[in-house]
Amino acid sequence: MIELTSGDGRSFSAYRAEPTEAPKGAVVVLPDVYGVTPHLQKEVESFAAEGYVAIAPALASQEGESDGPSVTTALQDIQATVDAVKGVGKVAIVGYDWGGYLAYVSANSLSDVACAISYYPAGISEERWVKRKIPTLLHLPENDPSLPMEEIVQFRAQRPDVSAFSYPEARNGFNFDAAESFNEAAAQSARERTLFWISQYVEGQKPIALKNSGSYAQAKVDKKKKKSGDDMGPPDA
């Protein structure tokens, strides 16, 4: 654990892990409402094992605020966290549940962020009106009462600039391997897509054409010619 200072002068803690070799870039990992738990620390360490400096801030609303989450305060802390690691290279943000919502909001609100990835982001259906400023990837469970499938369909229709994947039978928290909702197949598939996304936008590797990879990657593959079947629309599951 380390201490960081937010833009308004507040101090907050963060869990940081370093790669064994020269870092490829950085990943800021945003927790759900339970904060920087042992599970989240494991996620941080897994990104470090992939070659990135990884760090998870203990956001203010998870440290005893009685009036509930403050998005503005959380974004200040996230920006300070990004600033703490951007010296090693480009920075990706990955968030889960409420942290997934914050990752999505961060895509349009913060500076020095290369891409954003959100797992089962709480409240995402309310944020479908504004085009994203940076590449954004969503992992959405199909068996989540808080985000009905019809809302996922509407989101895809209104946000073709976002790569949104849905996972059959998966529930909120499907990436948490100690939870009842854990879904190994969904977690593995989402993990592969997340690591590809980070390697593409943080390391700057040349994009390749992947089925359903989203408008950003496809546009870079072929800006001039639109192939048959590549409608640049919302990704399929």
Side-chain angles (χ1 to χ4, degrees), residues 2 4 14-31 40-57 75 78-96 99-100 102-119 121 131-140 159-165 167 175 186-224 230 232 235:
I2 63 172
L4 298 176
Y15 184 79
R16 177 168 174 156
E18 302 283 339
T20 57
E21 299 180 352
K24 303 173 184 178
V27 179
V28 172
V29 184
L30 304 183
L40 197 83
Q41 292 177 6
K42 181 179 176 181
E43 289 293 308
V44 172
E45 291 163 0
S46 72
F47 285 116
E50 295 290 341
Y52 306 100
V53 171
I55 185 169
L75 289 174
I78 298 167
Q79 183 67 69
T81 308
V82 170
D83 293 343
V85 295
K86 67 181 182 181
V88 304
K90 294 181 180 178
V91 182
I93 291 182
V94 180
Y96 306 89
L102 292 173
Y104 187 83
V105 174
S106 295
N108 277 24
S109 303
L110 305 185
S111 58
D112 300 308
V113 177
C115 64
I117 299 118
S118 299
Y119 281 73
K131 183 176 180 179
R132 300 294 90 192
K133 295 180 180 179
I134 62 174
T136 303
L137 171 65
L138 302 184
H139 301 303
L140 305 172
R159 284 272 55 81
D161 54 317
V162 174
S163 278
F165 291 89
Y167 298 84
N175 190 64
Q188 179 63 28
S189 182
R191 176 74 174 179
E192 292 172 356
R193 288 164 174 160
T194 293
L195 290 176
F196 171 77
W197 202 260
I198 294 172
S199 70
Q200 183 172 316
Y201 294 109
V202 172
E203 297 179 56
Q205 295 178 357
K206 183 178 180 180
I208 61 175
L210 288 182
K211 182 180 180 181
N212 301 330
S213 60
S215 58
Y216 288 98
Q218 187 59 44
K220 291 182 179 181
V221 171
D222 191 351
K223 291 183 178 180
K224 296 182 180 180
D230 291 337
M232 303 289 283

>> I need the single residue from I55, T81, V44 that forms a side-chain contact (heavy atoms from CB on, under 4.5 Å) with V29. Which is it?
In response: V44

> Going by an N to O cut-off under 4.0 Å, is there a salt bridge joining D112 and K86?
Replying inline: yes

> What is the distance from atom CD of Q200 to atom CG of L195, rounded to the nearest 0.5 Å?
Replying inline: 12.5 Å

> Which pair of non-hydrogen atoms, one from A116 and one from A103, has the smallest distance, and what is that distance?
Replying inline: CB-O, 3.5 Å

>> Nearest 0.5 Å, please: how far is CD1 in I93 from CG in L102?
In response: 9.0 Å

> Yes or no on side-chain hydrogen bond (donor to acceptor under 3.5 Å, both in side chains) for H139 and S189, after CA distance, side-chain angles and deciding distance?
Replying inline: CA-CA 10 Å; H139 301 303; S189 182; over 6 Å; no

> Rounded to the nearest 0.5 Å, how far apart are CG of D83 and CD1 of I78?
Replying inline: 12.0 Å

> Taking atom OH of Y104 and atom CD1 of I117, what is their separation to the nearest 0.5 Å?
Replying inline: 14.0 Å

>> Applying side-chain contact (heavy atoms from CB on, under 4.5 Å) to V53 and V27, what does each step give before you reach the verdict?
In response: CA-CA 6 Å; V53 171; V27 179; over 6 Å; no

> Are Q188 and E192 close enough, and set up right, to give a side-chain hydrogen bond (donor to acceptor under 3.5 Å, both in side chains), and what steps lead you there?
Replying inline: CA-CA 6 Å; Q188 179 63 28; E192 292 172 356; 3.0 Å; yes

> Do T136 side-chain atoms and I134 backbone N/O form a donor-acceptor pair below 3.5 Å?
Replying inline: yes

>> Going by ring pair (Phe, Tyr, Trp, His ring centres under 6.0 Å), name the residues that satisfy it together with Y96, two or more places apart in sequence or in a different chain.
In response: Y119

>> When you compare the side chain of L140 with that of F165, does any pair of heavy atoms fall below 4.5 Å?
In response: no

>> Do Y52 and K90 have side chains that approach each other closer than 4.5 Å (heavy atoms only, starting at C-beta)?
In response: no

>> Tell me the closest heavy-atom pair linking A14 and P57, and the distance in Å.
In response: CB-CA, 3.9 Å

> Does F47 have R191 sitting over its ring (NZ/CZ under 6.0 Å from centre, angle to axis within 45°)?
Replying inline: yes

> What's the shortest heavy-atom distance between V202 and A26, and which atoms?
Replying inline: CG1-N, 4.1 Å

> Do the non-hydrogen side-chain atoms of L30 and V94 ever get within less than 4.5 Å of each other?
Replying inline: no

> Do E43 and N175 pass the side-chain contact (heavy atoms from CB on, under 4.5 Å) test, and can you show the C-alpha distance, the side-chain angles, and the key distance before you say yes or no?
Replying inline: CA-CA 10 Å; E43 289 293 308; N175 190 64; 3.5 Å; yes

> Taking atom types as modelled, is there a side-chain donor on R193 or S163 under 3.5 Å from an acceptor on the other?
Replying inline: no

> Could you give the distance from CG (L137) to OG (S118), rounded to the nearest 0.5 Å?
Replying inline: 8.0 Å

> Shortest non-hydrogen contact from P121 to G100?
Replying inline: CB-C, 3.5 Å

>> Under a 3.5 Å distance rule, please check whether S109 uses its side chain to pair with a backbone N or O of S106 as donor and acceptor.
In response: no

>> Checking the side chain of K24 only, and the main-chain atoms of E50 only, is there a donor and an acceptor separated by less than 3.5 Å?
In response: yes

> Is Q79 reaching over with its side chain to a backbone N or O of S111, donor-acceptor style, under 3.5 angstrom?
Replying inline: yes

> Sub-3.5 Å donor-acceptor pair from the side chain of D161 to the main-chain atoms of R132, do we have one?
Replying inline: yes

